[in-house]
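Report on the structure given below.
As the structure is a computational prediction, the values presented were derived from the model and not from experiment. Heads up: numbering here begins at 1 and tracks the sequence.
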Amino acid sequence: MIAFAPLQGYTDHIYRNIHARTVGGVDEYYTPFIRWEHGGIRNKDLRDVDPANNTTGNIIPQVIAKNRDEFANLCDTLQQMGWKRIDLNMGCPFPMQVHSGRGAGLLSHEQDVAEIFNEIKIRKEVTFSAKMRLGWNNPEEVFRLCPILNESHLCHITLHPRLGISQYKGTVDDNQFLRFYEECTRPIVYNGDITSVAQIKEVRMRFPNLKGIMIGRGLLSRPTIAKEYRDNIVLSNEDILKTTLIMHNELFIYAQSTLQGETQILNRMRAFWEYQESLLPKKSFKKLTKSTTLRSYHEALASL
């Protein structure tokens, strides 16, 4: 199983739909997390998880919560929308969420985790999974949770083997992942720094009992990586760029038809290219991500 990790500001329902329709190879797409604030969920987030807006691919909505009450409110909303599959974010390293006790900040609050998992147990009509890190600033945080995780009914646990405090700096800690892989009895998905088909195969070989692999930034930078793995092929940069441009054209049509003014359109399209520096000529990449007018953007695009 290959899963597309959620990235705030990038993998919204438009991007997910386009990727599934034009590229494929991904078995599960996870939505950026939705959160409970000021007594509700932002309309923008509700639109993103609206089943009517998620027309292709196997979509899994993700929630982030600091306690059982927030988690229950989020689950109630998603269930009322018809969702029967929910992922819990216990790994987000963004300080604003961590300092509120959410994401990686939840990992050190064992009692809150236990109460959330008790809520999971009573919602038998929903299948749950969880995505987490090794801890916020100590890998022992996740290992202290292993008894709770092992007793849970989670369909799988996705582990990104970094500490939250590290953000995305440094390298993943596969030694700690191996320890978790051996101590956790629930099915496990590997996540972290996968950028090539060769790496997918290497991780699969090292951890043969994995349920799957989740890829985030690697799929943004190389949208074909899951398809290449599924079909056992390695595409040339030219073929990857051709596929990427097909995605781009569909996204650009959407941006022109729904967004207002050059600034909004350019902001959306510049974000599309941000992770693809290695795929593009240096000059073209700089022009695409720095364009201030649609005219200059089109000129940069034509150079490809």
To the closest 0.5 Å, what do you measure between [atom1] ([X]) and [atom2] ([Y])?
X: Arg35; Y: Glu70; atom1: CZ; atom2: CD; answer: 10.5 Å
X: Leu266; Y: Thr293; atom1: CG; atom2: OG1; answer: 7.0 Å
X: Leu294; Y: Phe252; atom1: CG; atom2: CZ; answer: 5.5 Å
X: Ile41; Y: His38; atom1: CD1; atom2: NE2; answer: 13.5 Å
X: Phe180; Y: Cys146; atom1: CZ; atom2: SG; answer: 5.0 Å
X: Leu106; Y: Trp136; atom1: CG; atom2: CH2; answer: 13.5 Å

**Side chains of Thr31 and Asp48, donor plus acceptor under 3.5 Å** =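 No, no side-chain donor-acceptor pair sits under 3.5 Å.
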**Item:** Modelled atom types, side-chain donor and acceptor of Arg68 and Asn118, under 3.5 Å
**Value:**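 No, no side-chain donor-acceptor contact under 3.5 Å.
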Closest approach of [X] to [Y] (non-hydrogen atoms, all atoms of both residues):
X: Leu145; Y: Met90; answer: CD1-CE, 4.3 Å
X: Ile86; Y: Ile60; answer: C-CG2, 4.3 Å
X: Ala65; Y: Arg102; answer: C-CG, 3.7 Å
X: Asn150; Y: Cys184; answer: OD1-CA, 3.3 Å

Assess whether atom [atom1] of [X] is packed by more than 12 heavy atoms of other residues, nucleotides or ligands within 6.0 Å.
X: Gln260; atom1: CD; answer: no
X: Glu262; atom1: CD; answer: yes
X: Glu125; atom1: CD; answer: yes

Compare all side-chain heavy atoms of [X] with those of [Y] and state whether any distance is below 4.5 angstrom.
X: Leu149; Y: Phe143; result: no
X: Thr11; Y: Leu219; result: no
X: Phe117; Y: Val113; result: yes

**Item:** Criterion salt bridge (charged side-chain N to carboxylate O under 4.0 Å, His left out) on Arg230 and Asp27, from CA distance to verdict
**Value:** CA-CA 10 Å; Arg230 184 193 65 188; Asp27 300 295; over 6 Å; no
**Request:** Decide whether Tyr181 and Met1 are clustered together by the hydrophobic rule: side chain heavy atoms of Ile, Leu, Val, Met, Phe, Trp, Tyr closer than 4.5 Å, transitively.
**Result:** no
**Message:** Side-chain heavy atoms nearer than 4.5 Å, only ILVMFWY residues, links allowed to pass through others: does that put Tyr10 and Ile34 together?
**Reply:**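 Yes; tracing contacts between hydrophobic side chains, which count when under 4.5 Å, links both residues.
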**Message:** Could you check whether Phe128 and Phe71 have their ring centres less than 6.0 Å apart?
**Reply:** yes
**Request:** Take Thr244 and Arg222 through the side chain to side chain contact (heavy atoms under 4.5 Å, CB included) test and state the conclusion after the steps.
**Result:** CA-CA 8 Å; Thr244 302; Arg222 189 184 183 110; over 6 Å; no
[X]/[Y] ion pair, N-O < 4.0 Å:
X: Arg123; Y: Asp76; value: yes
X: Arg270; Y: Glu274; value: no
X: Asp12; Y: Arg47; value: no
X: Arg206; Y: Glu202; value: no
X: Asp173; Y: Arg179; value: no

**Message:** Under the criterion side chain to side chain contact (heavy atoms under 4.5 Å, CB included), I'd like the reasoning laid out for Ile200 against Ile2: C-alpha separation, chi angles, the key distance, then a yes or no.
**Reply:** CA-CA 9 Å; Ile200 297 175; Ile2 301 293; 4.3 Å; yes
**Request:** Take the angle between the ring planes of His248 and Tyr297 and call it parallel below 30°, perpendicular above 60°, tilted in between.
**Result:** parallel
**Message:** Could you go through Ile265 and Arg268, starting from their C-alpha distance and side-chain angles, then the distance that decides it, and tell me whether this counts as side chain to side chain contact (heavy atoms under 4.5 Å, CB included)?
**Reply:** CA-CA 5 Å; Ile265 295 172; Arg268 182 60 191 263; 6.0 Å; no
**Asked** Between Tyr30 and Ser129, does a side chain to side chain contact (heavy atoms under 4.5 Å, CB included) hold up when you go through it step by step?
**Response** CA-CA 11 Å; Tyr30 288 72; Ser129 58; 4.2 Å; yes
